[in-house]
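Shown next, in structure tokens, is the structure this report addresses.
Reckoned from all heavy atoms, side chains included, excluding hydrogens, waters and symmetry mates.
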Amino acid sequence: QVQLVESGGGLVQAGGSLRLSCAASGRTLVMGWFRQAPGKEREFVAYIGWGAGSTYYGDSVKGRFTISRDNAKNTVYLQMNSLKPEDTAVYYCAASNRGPTGWGRVYEYEYWGQGTQVTVSS
């Protein structure tokens, strides 16, 4: 079992930036970020493979968010720039050690953090 702990959420103004971190208790092959706003389905945000050369982003965040990882620290990051009020959500870190099967669906990940709140004011 791998435990994931997110940090870095908070309240920012539109146009501002935040960096989220997710520390894993052990090795994870692939990692991703999802978000969920009230009344909405959990939405794919970003994915990164073990080698860091393979990344994918949801259409709504392309060009604004960047995912990265430090395998020596078992940590993944999400740099969020040019934040918009519609980015407001609980952000969840996810990971898998099953091997590469996909990146954009909740069922493709077996480990999940508890989430961190990001609120963007207008």
Side-chain angles (χ1 to χ4, degrees):
Q1 190 73 263
V2 175
Q3 183 177 359
L4 306 177
V5 180
E6 303 100 332
S7 62
L11 174 65
V12 298
Q13 291 183 301
S17 298
L18 281 175
R19 190 179 78 155
L20 305 183
S21 298
C22 174
S25 62
R27 171 188 170 276
T28 55
L29 181 61
V30 301
M31 302 188 77
W33 290 94
F34 289 75
R35 66 187 185 186
Q36 189 165 22
K40 293 186 178 294
E41 298 294 317
R42 192 162 295 190
E43 176 189 17
F44 169 71
V45 174
Y47 162 98
I48 189 165
W50 174 258
S54 181
T55 59
Y56 301 92
Y57 296 92
D59 289 341
S60 63
V61 306
K62 287 179 180 178
R64 299 188 297 120
F65 291 9
T66 303
I67 189 170
S68 61
R69 67 188 297 170
D70 184 341
N71 290 343
K73 298 179 179 179
N74 293 323
T75 300
V76 66
Y77 306 94
L78 185 69
Q79 178 67 46
M80 305 185 294
N81 298 326
S82 301
L83 284 163
K84 305 174 181 179
E86 51 263 46
D87 294 318
T88 295
V90 176
Y91 283 70
Y92 296 92
C93 178
S96 176
N97 280 321
R98 295 171 181 163
T101 60
W103 56 88
R105 304 298 174 90
V106 168
Y107 59 77
E108 293 164 342
Y109 301 84
E110 69 263 36
Y111 304 116
W112 291 86
Q114 293 300 116
T116 185
Q117 177 70 47
V118 172
T119 302
V120 184
S121 64
S122 59

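Rounding to the nearest 0.5 Å places OG of Ser96 at 12.5 Å from OH of Tyr107. Atom CH2 of Trp50 is separated from atom CG of Leu29 by 8.0 Å, given to the nearest 0.5 angstrom. Note: Ser21 OG to Arg69 CZ = 13.5 Å, rounded to the nearest 0.5 Å. In this structure, the separation between CG on Leu83 and OG on Ser121 is 10.0 Å, given to the nearest 0.5 Å. From Ser7, atom OG reaches atom CG of Leu20 across 8.0 Å, with rounding to the nearest 0.5 Å. Note that OH of Tyr56 and CH2 of Trp103 are 4.5 Å apart. Values are rounded to the nearest 0.5 Å.
Taking the side chain as every heavy atom from C-beta outward, Val118 and Leu18 approach each other to under 4.5 Å. No side-chain heavy atom of Val30 sits less than 4.5 Å from a side-chain heavy atom of Thr28. Taking 4.5 Å as the limit, every side-chain heavy atom of Phe65 sits out of range of all side-chain heavy atoms of Trp33. Using a 4.5 Å heavy-atom cutoff, the side chains of Ser54 and Tyr47 are in contact. Contact check for Gln13 versus Val120: no side-chain heavy atoms found under the 4.5 Å cut-off.
Taking the six-membered ring for Trp and the full ring otherwise, the centers of Phe34 and Phe44 sit less than 6.0 Å from each other.
Thr88 and Ala37 get closest at one heavy-atom pair: O-CB, 3.7 Å. Closest heavy-atom contact between Leu78 and Ala46: CD1-CB, 4.1 Å. The shortest non-hydrogen separation linking Val76 to Met31 is CG1-CE, 3.5 Å. Summarising the geometry of Gly32 relative to Tyr109, their closest heavy-atom pair is N-CE2, 4.0 Å, with the distance given to 0.1 Å. In terms of heavy-atom proximity, Val2 sits nearest to Ala24 at CG1-CB, 4.1 Å. When every heavy atom of Tyr91 is checked against every heavy atom of Glu6, the shortest pair comes out as O-OE2, 3.9 Å.
Arg19 contributes no side-chain N or O that, together with a main-chain N or O of Gly9, makes up a donor-acceptor pair within less than 3.5 Å.
Remark: the Thr119 side chain and the Gln117 side chain contain an N/O donor-acceptor pair separated by less than 3.5 Å. Defined by atom type and a distance below 3.5 Å, a donor-acceptor pair is missing between the side-chain atoms of Ser17 and Arg64.
For the salt bridge (charged side-chain N to carboxylate O under 4.0 Å, His left out) condition, the pairs that include at least one residue of residues 101-122, sequence neighbours left out, are Arg98-Glu110.
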Please determine whether side chain to side chain donor-acceptor pair (under 3.5 Å) holds for the pair Ser60 and Arg35, giving the CA-CA distance in whole Å, both sets of side-chain angles, and the decisive distance to 0.1 Å.
CA-CA 12 Å; Ser60 63; Arg35 66 187 185 186; 3.2 Å; yes
Run the numbers on Asn97 and Arg27 for side chain to side chain contact (heavy atoms under 4.5 Å, CB included), then give the verdict.
CA-CA 8 Å; Asn97 280 321; Arg27 171 188 170 276; 3.4 Å; yes
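Ionic pairing of Lys84 and Asp87 is not present here: no N-O contact between side-chain nitrogen and carboxylate oxygen is shorter than 4.0 angstrom.
Heavy-atom contacts from other residues, nucleotides or ligands closer than 6.0 Å to CD of Glu86 number more than 12.
No chain of hydrophobic side-chain contacts below 4.5 Å, direct or via other Ile, Leu, Val, Met, Phe, Trp or Tyr residues, connects Tyr92 to Ile67. Under the 4.5 Å side-chain heavy-atom criterion for grouping Ile, Leu, Val, Met, Phe, Trp and Tyr, Tyr77 is not connected to Tyr57 through any hydrophobic cluster.
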